[in-house]
Each structure stands twice: as structure tokens, then as C-alpha cells.
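The shown structure was predicted, so the numbers you read here are calculated from the model rather than taken from an experiment. Sequence lines set the chain letters: A, B, ... in the order given, protein chains first and strands last, and positions in each chain run from 1.
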Amino acid sequence: MLLNPAEYPITTTIAQVHNYMDQNIRIQGWLYSKRSSGKIHFLQIRDGSGSIQCVVVRSEVPPEVFAVSEVLSQESAVIVEGLVRRDTRSSLGYELSVQNLIHVSTAPDYPITHKEHGIDFLLDHRHLWIRTPRQRAILKIRAEVLRAMSDYLDGNGFTRVDPPILTPTAAEGTTELFHIQYFDQEAYLTQSGQMYMEAAAMAMGKVYSMGPTFRAERSKTRRHLIEFWMIEPEMAYFTHEDNLKLQESFLSAVVQQVLNHCQPELELLGRDLTRLRAVQPPFPRMSYDDAVVWLQNQGHEIQWGEDFGAPDESELANQFDRPVFIERYPTKVKAFYMQPDPKRPEVALCADLLAPEGYGEIVGGSERIHDYTLMKERFIEHKLPNEDYAWYLDLRKYGSVPHSGFGIGLERTVAWICGLEHVREAAAFPRLLYRLYP
RNA sequence: UCCUCGAUAGCUCAGCGGUAGAGCAUCCGGCUGUUAACCGGAGGGUCGUAGGUUCGAAUCCUACUCGGGGAGCCA
């Protein structure tokens, strides 16, 4: 039974409770944990906005309310009515003196206890795991990262355009695609919206996409998801240099906004904030040529013309306190659409952005080929069927201009900002090799 | 696809040739200021599956299944 509404006019969230000192309020949540000393119970209640200690004293509540408190178990749903009271014995400095409890539903034998669990068990119970403070903090930060990205791009003249998820062809032709039946044709889940964003940039000037992409690669590492989100800005009349300037400004703004808005979450995760505060333009830059020489001097067996492996990237990035651009890779190891450097056609006007602390590549970008004849040559070299890509060639035929863009991996970015061991925690329901449930 | 590690109670693990264990969770009892609360008691297992070696296998061997970490590839 709810108490008299006149007595409890205020239903609020736990995050707002501090605004109601010495007032009667009602909160609606779940029991996170309970400690009992017989005649006094301490209920830790969470509601998604935060958590608060609620104290139930036997001598101060009706017997039926104390009886409810006794049977509540972890993750029982409960509505709590009580008085907000300052108390130095509570970690927040205030707590809720319970006057009434409404037992909304039970949670018998809740699987995720406050003890240690293995990753297999936690991933099988991901639908419940996300209720824990740490996972909640990560998902909050992920949401803030997306908001910060939108804020920055929307505030700088970009228009959001959503490319299709179902596509008739491969965007880059290299990675494994998920294929599906599209009525009587074959179709694929998108692995990148980039080519569509190039079309959109010719329509709107500066555009970006945010959404899921799919790679059917048998990759099983802390940096890989099968389904992950990319944010792909594409800018007409942007040179390679313009592109890098935008990237460092963009990523710095995102990190600083997360620092400003999510400090409690970052602290809960134990993140070293000084490392994030260092993320300010300009970012260091290294040419591919210099990176190869540097790696060779460190004893790595890499030759000019080869792409970097994961250990190479880590070691390169760990020299710096902020992300580093590695630019002008050999044209042959990069995607067909990248603009060759006019002074050195054997390298492309492209850059990967490597995050520090071993998180690897979080951004890949380039200036795109805008010349019709050169693009046509690339089609022949890469054996791309003209009929499938006719529309993409049209972009070079009708009012083509130099343009550039990049793609940033959301989960890798979130993992880096949060200091996570693995990108799987950066998605609410990660899709991994050998793991599709829940 | 390759390399590597693992699978024992609901969970986390110990046991590594001789009668299946602990902590937590659950249930019962105690406790008016707890912070992964604490104290006492109870129930709980075809030791991943299938073969093999052995007087005897959770333990040794083989295959398979499922999963963790990594490589390649990529964001």
C-alpha cells in the first residue's frame, strides 16, 4: 500500500534525492544489496540514476513494513518511501529513513552475486550484468561519447545522413561479409557506410553517419566485435590536411566533454583522468616511412610495404601521451579509393589514428580519389564489377571534387576512454565470435 | 584458419592415481550503524561428452563439444 499521496507528493530519482533534504520522498528501484543487524536493515537501492542507502529500523516502522524488508532479496523490485536525512555514517553523507516499502516483485536466486564471476558466466547473463555499477557507468559513457560526437559535428555544419544497413556489394572488398537473402537476390550487411557518405557529401557538403557495421571475421581478441558501431564523417572539398585537423579537434572535444559530464563514472571505473586531460590538439604525427624505420630500430621484423601488426601499433602508440597519426601508408596495402600522394604515388593520402595504452587503431581516414580516370583504373586493378559500382563512379563523373573522410570505431574509442580490458564491455549486448546470446 | 589455456556444487576455485572439498550464494537461527557486514547450523555433485590405460580415474592417454586469451585481418 502506498502511503497517503498528500504525505508523499514527491516521487524522484536517486540522483535528485539530495535536493529534498529533510523531506518525505518516494523512489522506485531495485535492491542492489542488503546488510542486516537483526533489528536494523540497510538496503542499498539503485534506480539507474544512482544508488542510495535506505535504513529500516524495526522500532520505527509498522511490523508489516519490517517484514517486507526481511524478505527482500538482491534485485527485488521495490518502491521506498521515507525521509531524506543527513548522516555522516552513510557514504553519501545522507540517507533515506524508511517509513514504507512496497514490494513490487521478487528476484529469487538472482544469478549475479556480489562475488567474483568468470567472463563466460557474465556474458551469458549480460542482460543482468548491465545492472551492475561498473557496466552502468560504461554504458553511460558510451551514450555521452555518442552525444559529444553529435554535438561537435552538428555544431560544425555537418548533417547526419543514415546510410543503408542492407547493401548489394562490398564496400572495401577485403573483409568477410555477412550475406543474407534479399528476396531473390544476394545482399550483405554493411561493413562501412563510407561510399554512401561520399555520395551524401556531394549533396550536403559535410555529413556524418552513426550506426552499426558488421564484419564476419574470425577475430577473437580484446579489440574485435562482430557487430560494432562506426561514426563516419565525410567532407567535400576537404584535403588530407583538413581531414587530420578535423579529427584531432573532434576527438579532443569528445574526450573533454566526457571528462566534463561523466567524471563520477570515470572515477568508478578507476580511470586515470590525467591521461584523458592530455588529449588536446595537436596530435603527434609520424609518417609510415619513419614508423617503419623506428620499428626496425626497436628490433621489429617489418619491411617497407607491409602493414603493421597489432604489436607494432601498440609500440608505436605507446611512445606518446595522446593519440598519434601514422600517415601516408603504401598505396598497395590500403583501400582502392584512397588518393595517392601526387608527389609520391606509391603512398596514399591517408592516416590511421592509434590510441595510446595499447588500444590500437581507433580511426582510419583518407582523402578519396576524385578523378574519374584514376578511379576507373583502380576498379580494373581490384577487379571490381563496373555494374555494381556504377553509382560510385557517377560521383566522379558529375561534379567531382576533392573530398576526405574518416571512420571512428565507437567501442574501441569507449574502451580507450574508459580504460577497459576488452571492447565487449563497451557494447550493451556485444556480438562476438561464438557468442550470439543473449 | 592457426597457436595457446581451460571445463569439478548456483558462482569462484582447490584437489592431479586410493571414500568429492573450501569460500560465497540459498535455507534456518543470532545480532539496532552495516559498507563484498559478521557469528552458528543445514541442504546441495553422473567431476563437459565418448572411448582407452589401470585392481582402482575428477586425476593419465585419445577424440569430440563448448569457452577464454592471442595471431592474421581490421575500427
Gap in Å between the two [atom1] atoms, one belonging to [N] and one to [M], rounded:
N: rU12(B); M: rA36(B); atom1: C1'; value: 13 Å
N: rU4(B); M: rG72(B); atom1: C1'; value: 15 Å
N: rG68(B); M: rU26(B); atom1: C1'; value: 29 Å
N: rG67(B); M: rG29(B); atom1: P; value: 43 Å
N: rA50(B); M: rA58(B); atom1: P; value: 13 Å
N: rA25(B); M: rG33(B); atom1: C1'; value: 24 Å
N: rG10(B); M: rG45(B); atom1: C1'; value: 12 Å
N: rA63(B); M: rG40(B); atom1: C1'; value: 49 Å

**Request:** Quick one: look up who rC64(B) pairs with, Watson-Crick or G-U, both distances under 3.5 Å, and put none if it's unpaired.
**Result:** rG48(B)
To the nearest 0.5 Å, how far apart are [atom1] in [X] and [atom2] in [Y]?
X: Glu64(A); Y: Asn100(A); atom1: CD; atom2: CG; result: 8.5 Å
X: Glu81(A); Y: Ile102(A); atom1: CD; atom2: CD1; result: 4.0 Å
X: Glu144(A); Y: Leu139(A); atom1: CD; atom2: CG; result: 13.5 Å

**Prompt:** Rounded to the nearest Å, what distance is computed from the CD atom of residue Gln74(A) to the P atom of nucleotide rU26(B)?
**Reply:** 8 Å
**Prompt:** OH of Tyr437(A) versus P of rC66(B): gap in Å, rounded?
**Reply:**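 Checked: the OH to P distance equals 18 Å.
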At less than 3.5 Å, do the side-chain atoms of [X] and the base atoms of [N] form a donor-acceptor pair?
X: Ser219(A); N: rC74(B); value: no
X: Ser90(A); N: rG33(B); value: no
X: Glu116(A); N: rG23(B); value: no
X: His114(A); N: rC24(B); value: no
X: His117(A); N: rC11(B); value: no

**Asked** Looking only at side chains, do Asp47(A) and Ser49(A) share a donor and an acceptor under 3.5 Å apart?
**Response** yes
**Item:** Salt bridge Arg86(A)-Asp22(A), side-chain N to carboxylate O under 4.0 Å
**Value:**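 Result for this pair is no, no salt bridge flagged.
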**Request:** Among Phe250(A), Phe325(A), Phe238(A), find the residue that satisfies the ring pair (Phe, Tyr, Trp, His ring centres under 6.0 Å) test when tested with Phe406(A).
**Result:** Phe250(A)
Would you indicate what [X] reaches in the nucleic acid, counting non-hydrogen atoms under 4.0 angstrom: base, sugar-phosphate, or nothing?
X: Asp307(A); result: sugar-phosphate
X: His41(A); result: nothing
X: Ser36(A); result: base
X: Glu421(A); result: nothing
X: Gln53(A); result: base
X: Leu225(A); result: base
X: Gly360(A); result: nothing
X: Ser91(A); result: nothing
X: Val423(A); result: nothing

**Request:** Within residues 120-139 of chain A, find the residues that approach RNA chain B with a heavy atom at under 4.0 Å, and present them sorted by residue number.
**Result:**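 Asp120(A), Phe121(A) - these, ordered by number, are the residues of the stretch whose heavy atoms sit under 4.0 Å from the strand.
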**Message:** Centroid distance below 5.5 Å plus an interplanar angle below 30 degrees: do Phe228(A) and rA75(B) meet both conditions?
**Reply:** yes
**Asked** Can you name the closest pair of heavy atoms from Pro402(A) and Glu367(A) and give their distance?
**Response** CB-OE2, 4.3 Å
N or O in side chain of [X] less than 4.0 angstrom from [N] OP1/OP2:
X: Arg412(A); N: rA75(B); answer: no
X: Lys115(A); N: rC24(B); answer: no
X: Arg223(A); N: rA71(B); answer: yes
X: His422(A); N: rG69(B); answer: yes
X: Arg58(A); N: rC31(B); answer: no
X: Arg435(A); N: rG68(B); answer: yes

**Prompt:** Considering heavy-atom distances to RNA chain B, does Lys334(A) or Gly38(A) have its closest nucleotide positioned more toward the 5' end?
**Reply:**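 The residue whose closest nucleotide sits nearer the 5' end is Gly38(A).
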**Fill in**
Picking from rA37(B), rU32(B), rA75(B), the nucleotide nearest the side-chain atoms of Ser59(A) would be rU32(B)
**Request:** Applying ring-ring contact (aromatic ring centres under 6.0 Å, His included), run through His41(A) and Phe66(A) and close with a yes or a no.
**Result:** CA-CA 9 Å; His41(A) 294 160; Phe66(A) 198 76; 4.4 Å; yes
**Asked** Do the rings of Tyr32(A) and His114(A) sit parallel, tilted or perpendicular, given the 30° and 60° boundaries?
**Response**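 If you compare the ring of Tyr32(A) with that of His114(A), the planes turn out perpendicular.
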**Request:** Just do the ring-ring contact (aromatic ring centres under 6.0 Å, His included) check on Phe283(A) and Phe320(A) with the steps written out, would you?
**Result:** CA-CA 9 Å; Phe283(A) 292 171; Phe320(A) 305 99; over 10 Å; no
